[in-house]
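Report on the structure given below.
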Amino acid sequence: MKKHINIPYFVPHEGCGHSCVFCSQEKITGKECKTNSNIEEKQQFFDTVETTLATVSTDTTTEIAFFGGSFTGIEEPRMIMLLEWAYSFVKSGRVSGIRLSTRPDYINEHKLNILQKYGVTAVELGVQNMNDAVLTASKRGHTADDTRKAAKLIIDYGFTFGGQMMLGLPLSTADDEVYTAEQIVEMGADNTRIYPILVLVGTELHRMRLAVKYEPPAFDELVDRGAKCLEVFLKGGVKPLRIGLQASDEINSYREYNPAYGELVWNRLYLCRMINLIESGGITDSVVFTVNSADISKAVGQKRKNINYLVDKYKFRSVKIISDNTLANGDIIKTATILN
Ligand code: SF4
């Protein structure tokens with residue numbers, strides 16, 4: 001199977017007339033808002049794409065990805081200019097497509113016609129949450145129903161639809177987030193990105209926190225919620241493209257930012273699966289789980305944390321995790337137990 005890479009091009013906060021309480025796009029993407037001329041920017045864009053393409057092997061498919069703002073909200077001449085630049089690489093066959101992220105309420109037939117004309121293949125929506133009370137408290141400026149309508153239109157036009165969600169928004173519970181994941185599956189998403197909340201200085205959320213009107217869930221709770229959502233996505237056949245915020249100089253400086261978040265979510269998912277298998281299989285003295293070799297570290301956990309947890313909780317004499325590559329990625333079975 002061919003490898004896939006995206007060439008990201010960030011358009012921070014461009015096209016967005018909103019102020020979500022958690023948003024500081026320049027800090028999340030690590031890139032300041034646009035100030036340079038079209039000529040300079042065109043050069044920068046082509047340099048970015050060419051530099052990446054020079055390192056890509058022939059067994060790799062490549063897409064140009066416009067991320068960071070609300071692409072379809074960008075002033076139309078500028079949006080078309082960016083698309084034309086990217087489309088020149090699609091037409092020459094050097095990249096296979098263009099993907100972008102945007103807001104649900106910035107999708108309509110007119111905009112999708114433009115995207116279709118310029119070779120866009122995938123549209124990711126910032127779904128964030130499917131509870132209207134959470135969307136209102138987060139000042140998203142759209143409803144869950146706007147998201148349903150936008151997702152349907154994207155799929156009807158033949159684009160690949162991706163749904164991005166954020167964990168820990170104001171008023172959001174773990175149940176809201178599982179429901180959001182279920183809705184993203186239900187809406188027909190092909191892929192997802194799961195972001196844990198990070199309270200950035202200068203955002204409204206930060207001011208709410210200082211005023212003791214909001215406190216983010218503890219990190220371990222965010223890991224737990226991420227694992228529950230990931231389980232919903234995997235069962236629904238939705239590919240997780242990213243779990244956790246992209247590192248940048250700015251967010252790296254936050255004590256609450258943990259670059260290992262995605263890995264910890266995968267570890268927790270396997271821990272939950274192992275607990276389910278143990279508790280549905282009767283009391284045992286030792287236990288052996290089998291997974292694909294690519295998943296061994298996810299099942300064992302960072303610093304053997306999952307193994308240690310199971311030994312401690314169930315007083316096992318031993319917990320072993322072995323590999324069998326006839327199992328698909330993500331599968332786990334309990335292969336042997338010794339009864340007490
Ligand atoms: S829609 Fe996106 S870019 Fe706009 S304020 Fe909200 S999070 Fe930021």
Side-chain angles (χ1 to χ4, degrees), residues 8-35 65-76 78-79 82 99-108 111-112 115 122-151 153-154 161-172 176-177 180 184 189 191-209 214 216 222 241-248 250-251 254 256-257:
Y9 192 79
F10 288 102
V11 282
H13 216 86
E14 271 189 69
C16 182
H18 292 268
S19 294
C20 304
V21 292
F22 56 86
C23 180
S24 172
Q25 273 295 334
E26 301 90 68
K27 286 181 178 163
I28 288 176
T29 61
K31 186 175 169 181
E32 298 299 323
C33 287
K34 172 188 167 291
T35 51
F66 291 109
F67 286 146
S70 300
F71 191 82
T72 53
I74 296 174
E75 214 180 305
E76 204 163 295
R78 175 164 164 72
M79 178 175 82
L82 291 168
R99 60 189 310 125
L100 54 91
S101 63
T102 193
R103 291 171 52 90
D105 52 340
Y106 286 177
I107 289 291
N108 58 39
K111 290 181 196 286
L112 292 181
L115 302 188
V123 179
E124 297 184 29
L125 288 183
V127 173
Q128 315 310 2
N129 199 289
M130 288 298 279
N131 177 339
D132 280 336
V134 174
L135 294 173
T136 302
S138 306
K139 300 203 173 160
R140 282 289 292 168
H142 67 82
T143 63
D145 223 39
D146 290 330
T147 305
R148 288 187 192 96
K149 285 182 192 140
L153 209 51
I154 289 165
F161 162 57
Q164 305 177 356
M165 65 178 294
M166 183 160 282
L167 309 176
L169 288 171
L171 301 187
S172 182
D176 288 324
E177 289 158 12
T180 298
I184 290 174
N191 57 74
T192 186
R193 295 176 200 263
I194 304 172
Y195 297 118
I197 193 77
L198 182 66
V199 183
L200 298 169
V201 174
T203 59
E204 185 164 348
L205 204 55
H206 185 242
R207 290 190 287 280
M208 288 162 68
R209 190 178 193 181
Y214 168 81
L222 286 170
L241 299 185
R242 166 162 282 280
I243 305 170
L245 291 165
Q246 180 86 44
S248 72
E250 182 67 37
I251 69 166
Y254 281 78
E256 287 167 331
Y257 171 66

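Order of appearance sets the numbers: ligands from 1, and atoms from 1 within every ligand.
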Practice item. Report, in ascending order of atom number, the atoms of ligand 1 lying under 4.0 Å from any heavy atom of H18. Key: 5 (S)
Review point. R140: heavy atom below 4.0 Å from ligand 1, yes or no?
Key: yes
Exercise for review: Using the ring pair (Phe, Tyr, Trp, His ring centres under 6.0 Å) rule, pick out the option among Y106, F66, F10, Y9 that qualifies with F71.
Suggested key: F66
Exercise for review: Number the atoms of ligand 1 from 1 as they appear, then name those within less than 4.0 Å of a heavy atom of R103, with their elements.
Suggested key: 1 (S)
Point to revise | Listed partners of R207 passing salt bridge (Lys or Arg N to Asp or Glu O under 4.0 Å), at least two apart | key: none
Exercise for review: For E177, enumerate each residue passing the salt bridge (Lys or Arg N to Asp or Glu O under 4.0 Å) test, keeping only those at least two apart in sequence or located in another chain.
Suggested key: R225
Review point. Would one find an N, O or S atom of C23, in either backbone or side chain, under 2.8 Å from atom 8 (Fe) of ligand 1?
Key: yes
Practice item. Give a yes-or-no answer on whether the side chains of H142 and R103 include a donor-acceptor pair shorter than 3.5 Å. Key: no
